[in-house]
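Side-chain atoms are counted along with the backbone in the values below, which use heavy atoms only and exclude waters and symmetry mates.
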Amino acid sequence: MAIVTRFAPSPTGYLHAGNYRTAVFAYLFAKHSGGRFIVRIEDTDVARSKPEYEANIFEALAWLNLPVDERYRQSEHRPRHRELLEKLVALGAAYVSKETPEKEGDREEVIRFRNPGGAITFTDIIRGDITTDVNDLGDFIIARSYDEPVFHFAVAVDDSDEEVTHVIRGADHISNTARQLLIQRALGFPTPLYAHLPLIMDSSHKKLSKRSGAKALTEYRDLGVLPEALLNYLSFLGWNPGDEREYLSKEELIEAFDLVRVQKGSAVFDEVKLFSVNQHWMRTLSDDEFFSRLSGHLPPNGFTPEKIRKAIPLLKERAQTFEEARELLTGELSCLFEAPEPERERLIAKELPDCPEMTISALQCLLGALKAVPEGASAEAAKEALMPLADAEEAKQKGGRGAVLWPLRYALSGQDRSPDPFTLISILGTSESLARIEKALAILNK
Ligand code: GLU
């Protein structure tokens with residue numbers, strides 16, 4: 001039997017990471033056994049469903065790299081729902097009920113399911129047997145009219161018509177299952193298997209929700225989180241591969257995924273952890289790949305690609321998202337792209353405030369030593385050539401290492417915060433570095 005799973009979101013808002021965790025599990029489970037993954041847009045709430053939310057769902061799934069085998073829109077099944085409502089009424093399993101409207105919008109007539117009573121048990125793949133006393137449900141409403149089935153009815157029919165074998169969804173739907181089983185049985189439909197996933201909490205242990213500030217999934221894309229990182233992270237919200245591995249590619253996830261290892265207890269969505277997983281995936285990218293993914297986050301024409309490429313090791317070390325990489329490039333690393341205008345007062349080593357001559361002579365020595373460093377040298381090579389000057393006995397007497405390294409770093413960067421001077425030289429290149437030091441000397445000699 002081919003496995004068929006579905007993701008059945010309501011397009012009534014931008015969905016957050018917790019919603020997509022359901023899609024991820026349904027997808028991985030289907031693909032683990034070569035099955036199909038269906039998306040059914042549950043748009044029967046006409047007033048709240050919006051095309052832009054639906055479009056955003058498919059955009060997010062495509063970005064996460066979860067290809068959809070079949071798409072449905074619940075509202076397009078209305079004729080089928082009507083046909084089956086009529087059938088249930090004809091069978092006597094449901095009936096048109098006269099109601100006394102109590103509040104605005106209440107109907108005078110609805111369709112109710114004739115509750116057979118007793119208990120109903122289903123075996124949840126994750127949670128085991130779940131029994132519901134159906135008497136408590138009364139003759140529940142399955143449609144407001146023949147053309148307006150309620151959620152439970154539409155879900156029960158569609159799951160069966162779409163030949164869904166495994167209904168994988170959030171634990172908040174456990175209490176809906178009994179009604180859906182009753183409807184399926186009354187229609188003579190087979191029952192799918194159910195797996196109710198653990199709820200996802202936010203870092204303050206409240207249920208993750210848009211209302212309490214959860215981001216739309218696509219906001220993570222805009223922040224420069226990699227889809228492979230998000231997929232990896234979402235897969236671990238309530239599941240793990242049962243070994244030490246923390247970083248799994250999509251193929252590895254498909255291979256490792258099973259429902260049996262899904263936990264019952266709730267999972268916590270932790271953005272800090274997500275960003276650190278993202279940093280791991282960013283670091284695995286080749287420099288070319290890193291550059292091409294970063295490009296989308298950069299202002300047009302602002303940066304020279306050669307220098308960005310040279311800064312990639314630094315970005316990989318420091319940035320957890322591509323937006324952070326952009327912030328570094330436009331902030332702390334902006335000195336790589338624009339020659340600084342160092343201030344005279346600040347060039348002078350703090351250790352020797354009254355002796356600009358010392359700073360001048362330190363920079364002159366560095367200039368001489370740097371001339372011997374070939375263009376394109378590594379940070380280590382620059383350090384090897386220059387560090388002895390900062391460590392020399394003479395320097396020690398004249399304010400120590402800092403009195404040499406500060407003017408150098410500030411001459412190169414014009415900033416209080418920047419990478420170390422040797423890294424700067426390796427990225428700027430020798431001749432650009434020499435020009436910056438000469439400029440600083442000219443300022444000091446004014
Ligand atoms: N449309 C429902 C929701 O967005 C899901 C229904 C289901 O998975 O059975 O919560």
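Taking the six-membered ring for Trp and thresholds of 30 and 60 degrees, F37 and Y27 have ring planes more than 60 degrees apart, a perpendicular arrangement. Relative orientation of the Y247 and H280 rings is parallel, given thresholds of 30° and 60° on the angle between their planes. Between W406 and Y410, the angle of the ring planes stays under 30°, which puts this pair in the parallel group of the 30/60° scheme. Using the six-membered ring where Trp is involved, H81 and H77 have ring planes that are perpendicular, over 60° apart on the 30 and 60° scheme.
A donor-acceptor distance shorter than 3.5 angstrom exists from the side chain of T177 to the backbone of H173, with no hydrogens or angles considered.
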Under the side chain to side chain donor-acceptor pair (under 3.5 Å) criterion, do S431 and E375 qualify, and how do the steps go?
-> CA-CA 7 Å; S431 61; E375 194 64 53; 3.3 Å; yes

Please walk me through it: do Y72 and E70 pass side chain to side chain donor-acceptor pair (under 3.5 Å)?
-> CA-CA 7 Å; Y72 298 98; E70 284 161 44; 2.5 Å; yes

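Among all heavy-atom pairs drawn from H196 and D124, the shortest one is ND1-OD2, 2.7 Å.
By the neighbour-count criterion of 12 heavy atoms within 6.0 Å, atom CD of E289 is densely surrounded, having more than that number from other residues, nucleotides or ligands.
Counting heavy atoms from C-beta on, the side chains of I142 and H152 never come closer than 4.5 Å. Using a 4.5 Å heavy-atom cutoff, the side chains of K31 and P67 are not in contact.
Figure legend: cation-pi geometry between R309 and F291, with NZ or CZ positioned under 6.0 Å from the six-membered ring centre and within 45° of its axis. Under the 6.0 Å distance and 45° angle rule, R71 counts as a cation-pi partner of F58.
Salt bridge status for R82 with D147: present, with a side-chain N to carboxylate O gap under 4.0 Å.
Here the rule is salt bridge (Lys or Arg N to Asp or Glu O under 4.0 Å) with E162, and of R80, R40, R6 only R40 fits it. Each of R436, R346, K439 was checked for a salt bridge (Lys or Arg N to Asp or Glu O under 4.0 Å) with E341, and the lone residue meeting it is K439.
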